[in-house]
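The structure appears right after this line, and notes come after that.
Note that the numbering runs from 1 along the sequence shown for the chain.
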Amino acid sequence: MNIHTSDLEQEQQRVRDTAEKIHKQAALLTEQLGGVKAEAVQLRKNFWEDVTVNFSNTDEATETMASIKQQAELLSERERSHRHAQLQLKTLKRLEQSPYFGRIDFQEEGDSSPEQIYLGIGSFYDEETQQFLVYDWRAPISSLYYDYGVGPARYEAPGGMITGDMLLKRQFVIRFGRIRSMFDTGITIGDELLQEVLGEHADTQMRSIVATIQREQNQIIRNEKGKLLVVQGAAGSGKTSAALQRVAYLLYRYRHVLRADQILLFSPNPLFNSYISTVLPELGEENMQQTTLQEYLEHELGDVLRLEDPFVQLEYVLTEAEAPGYEARLEGIRYKAGFAFMEQLERYAKRLLQGGMLFRDILFRGRVMISTEQISAKFYEMDPSWRIPNRLQHVARWLLEELKQRERRERRKAWVEEEVQLLDQEAYVKVHQHLQKKKRYSDKTFDDFGREEKLLGAYVVRNAFRPVRAAVKQFEFIDVPGMYAQLFADPAFALELGELPGQWPDICRQTLANLKQGELLYEDATPYLYFQELVEGFQRNMDIRHVFIDEAQDYSPFQAAFLKKLFPNAKLTVLGDFNQAIHAHAARAEGSAFEGLYEAEQTERIVLTRSYRSTRPIIEFTSQLISGGSEIEPFQRAGRKPVIMEAEAAKEESIIRLVEQLRQDDYETIAIICKTARTSRIAHAAIGGQLGARLIHKETVSFERGIAIIPAYLAKGVEFDAVIIYDGNDYGQERERKLFYTACTRAMHELYVYARIDTHPFLKHAAADTYVKG
């Protein structure tokens with residue numbers, strides 16, 4: 001709609017007035033911050049001076065602890081106030097530059113006049129007029145902006161449903177206090193604003209999308225139904241962005257009961273964590289906890305076994321098709337990803353109640369103190385109805401009692417006296433203080449020296465036994481690796497527990513070979529941890545309230561079920577695109593591995609079909625590469641058609657010239673995407689030095705501007721101004737179709753593919769009018 005000049009002048013004046021008031025509030029808050037910080041520093045500096053310390057008797061000790069607690073709480077409150085004020089100030093600074101991005105005029109049913117509501121990244125309340133000059137985009141009334149156009153509208157308020165009419169919906173682009181553009185729009189966020197935002201260059205970090213949230217994305221952000229929200233979205237549909245805004249919304253909506261550290265995101269790789277790290281701070285919120293499934297598995301199992309990571313497994317799948325045992329490995333990957341193997345492990349654990357538990361000797365100074373036979377006998381003499389974890393708890397208590405007795409006997413050994421002679425002065429002082437406390441050490445009598453010697457001996461033995469006791473408490477007397485290997489030692493034994501894949505004997509040989517080397521294949525990592533939990537007792541995380549899982553199509557049903565058990569109090573938000581399922585254990589095409597974990601009434605599914613990342617020509621081209629691509633709706637953003645550089649192999653000189661041209665076009669992020677890490681290394685050796693390109697590998701943790709040479713599977717979730725597919729001919733198998741599609745859909749503005757069209761299994765069927773030949 002056209003905007004009258006008078007409207008623009010009025011709106012600009014309001015921006016100036018609002019920015020001025022925000023500036024004053026920010027100055028006042030800055031002054032207050034200095035005072036709070038100084039007070040916190042002073043409290044920390046004088047902490048012990050303000051605490052009365054006296055442990056002479058029980059009452060004094062209690063009073064001392066209460067004094068320490070009071071002082072600690074006071075310091076904690078001041079530091080918390082300081083952090084909160086810092087976040088407020090950061091939001092005010094951003095609002096000062098761009099106070100808001102939207103306006104709605106809403107007339108509530110029964111009211112005589114409409115209310116003007118301006119939306120920004122945070123709220124701003126004017127004490128002088130006692131009005132909100134800016135509403136936080138997460139406020140209940142703000143949902144009108146995202147869900148409705150001019151006409152009847154309603155929103156859910158804390159007191160119930162509010163109905164009325166929206167008389168105006170206006171959008172702004174404000175930079176440094178000046179309105180750059182302003183337009184009235186309908187139900188969706190206007191294409192003018194989206195065109196501006198999407199036409200910009202790719203950044204090294206994902207940006208907030210609060211000004212351009214679409215209606216379907218708003219359904220994701222504000223969804224509060226059930227335990228599981230599944231978002232299936234086409235490449236570039238904004239599912240990850242919407243999920244991050246959802247985190248910000250939840251922290252706002254439940255700010256009195258939900259903290260950022262109670263929200264956990266499982267991301268696809270460390271590089272992605274860097275890419276999204278600024279979104280929540282931009283919105284004035286602390287970042288949630290972030291990890292990858294591999295990092296979690298390493299944390300739990302890395303001290304016991306070396307874990308293969310998913311990218312090493314993927315490299316094997318993509319590069320070793322001719323290797324002996326390849327098909328057996330693929331079958332093993334698929335079988336160990338499913339519920340059938342989970343049930344197999346559960347049946348195996350039940351079988352261990354009758355026999356087959358493996359234990360380790362309790363060793364002390366190279367001697368067997370308590371043998372595996374003794375531990376096994378104790379375990380199996382217990383009530384047969386007891387579960388394995390319950391029996392093991394009793395065994396651990398019995399072992400600790402046994403160690404106490406052996407510890408006493410050990411004090412008389414010759415080695416103890418030798419160790420006593422080597423003790424430092426600190427140990428003698430501790431023993432001396434111990435005797436004084438018991439009022440048994442007055443004069444240097446013979447008896448006192450005798451007691452001192454005994455106490456020093458006890459001190460030495462107790463310290464020597466400490467790691468043994470710690471190992472027992474941590475259940476290290478259980479041979480979990482041995483029991484897991486036992487399942488594969490005799491292929492016929494596992495057959496008694498349930499149906500097995502055809503190549504089970506070969507799968508067993510491969511699994512055992514790696515276990516003997518102290519290695520755990522990636523497909524075994526989650527099953528191994530689950531089996532360990534079945535034996536030792538499940539260690540559930542009760543604190544996490546929300547779990548977000550990105551690239552969920554790469555999770556197996558086994559992994560999905562395991563995560564549900566691990567976080568029983570959490571609601572799950574899972575985001576994925578079945579067309580980018582690139583792992584060998586990939587979930588079934590018709591649904592997420594997470595669907596079916598909860599009852600239907602506890603599960604919500606939202607499908608995003610509109611793609612915003614790429615230009616219309618790129619989307620029209622890439623949608624032909626996968627089945628169901630016709631359902632992807634491109635955003636109306638013009639651009640050049642993808643270019644297929646017909647070649648048997650990538651031409652290094654051609655790529656160098658192409659990159660230089662893209663640089664001249666001011667593209668800041670250019671990706672040369674290879675199929676594998678191996679090919680990426682080859683490409684980097686050939687052209688990386690001349691281009692100043694950065695080689696991206698699985699350990700890369702930061703995303704930077706410039707030229708990146710990167711394996712396709714590490715580019716997932718990230719976008720680039722321009723993408724060059726280094727060797728399209730390298731993608732020849734049907735199972736590599738989705739990997740090829742994933743690589744091509746990383747491009748925002750321009751896409752170049754080096755490949756032979758006539759022989760390429762995916763390109764030869766592409767419509768000739770959707771690309772040009774280079």
Next on the checklist: Do the side chains of Asp105 and Arg103 get close enough for a salt bridge, i.e. N-O under 4.0 angstrom?
Outcome noted: yes
Item to check | Non-neighbouring partners of Gln13 that pass side-chain contact (heavy atoms from CB on, under 4.5 Å), sequence neighbours left out | outcome: Arg16, Asp17
Next on the checklist: I'd like to know whether His749 forms a side chain to side chain donor-acceptor pair (under 3.5 Å) with Arg613, so could you lay out the CA-CA distance, the side-chain angles of the two residues, the decisive distance to 0.1 Å, and finally the verdict.
Outcome noted: CA-CA 9 Å; His749 306 295; Arg613 173 186 296 135; over 6 Å; no
Next on the checklist: Using the ring centroid of each side chain, check whether Phe132 and Tyr125 are separated by less than 6.0 Å.
Outcome noted: yes
Checklist entry - For Asn579, which of Thr745, Thr742, Ile626, Thr622 qualifies under side chain to side chain contact (heavy atoms under 4.5 Å, CB included)? => result Ile626
Item to check | Step-by-step side chain to side chain donor-acceptor pair (under 3.5 Å) determination, Ser702 to Arg694 | outcome: CA-CA 11 Å; Ser702 63; Arg694 185 183 186 208; 3.3 Å; yes
Item to check | Side chains of Glu620 and Thr770, donor plus acceptor under 3.5 Å | outcome: no
Next on the checklist: Can you classify the ring geometry of Tyr118 versus Tyr100 as parallel (below 30°), tilted (30 to 60°) or perpendicular (above 60°)?
Outcome noted: tilted
Next on the checklist: What I want to check is whether the side chains of Glu224 and Tyr249 have a donor and an acceptor closer together than 3.5 Å.
Outcome noted: yes
Item to check | Sidechain N-carboxylate O distance under 4.0 Å for Glu551, Lys716 | outcome: yes
Next on the checklist: For Gln107 and Ser113: C-alpha separation, side-chain torsions, deciding distance, then whether side chain to side chain donor-acceptor pair (under 3.5 Å) applies.
Outcome noted: CA-CA 6 Å; Gln107 185 167 343; Ser113 60; over 6 Å; no
Item to check | Residues Asp665 and Arg640 bridged, charged N to O under 4.0 Å | outcome: yes
Checklist entry - For Lys21, which residues count as a side chain to side chain donor-acceptor pair (under 3.5 Å) partner, sequence neighbours excluded? => result Asp126
Next on the checklist: Hydrogens and angles aside, do Arg222 and Ser143 bring a side-chain donor and acceptor to less than 3.5 Å of each other?
Outcome noted: no
Checklist entry - When you measure from the centre of the six-membered ring of Tyr148, is the NZ or CZ of Lys169 under 6.0 Å away and within 45° of the axis? => result no
Checklist entry - With under 30° as parallel and over 60° as perpendicular, where do the rings of Phe106 and Tyr155 fit, or are they tilted in between? => result perpendicular
Item to check | Counterpart residues, salt bridge (Lys or Arg N to Asp or Glu O under 4.0 Å), relative to Arg178 (two or more places apart) | outcome: none
Item to check | Between Ser611 and Glu633: side-chain donor-acceptor atoms closer than 3.5 Å | outcome: no
Next on the checklist: Could you check whether Arg657 pairs with Glu660 (Lys NZ or Arg NE/NH1/NH2 to Asp/Glu carboxylate O, under 4.0 Å)?
Outcome noted: no
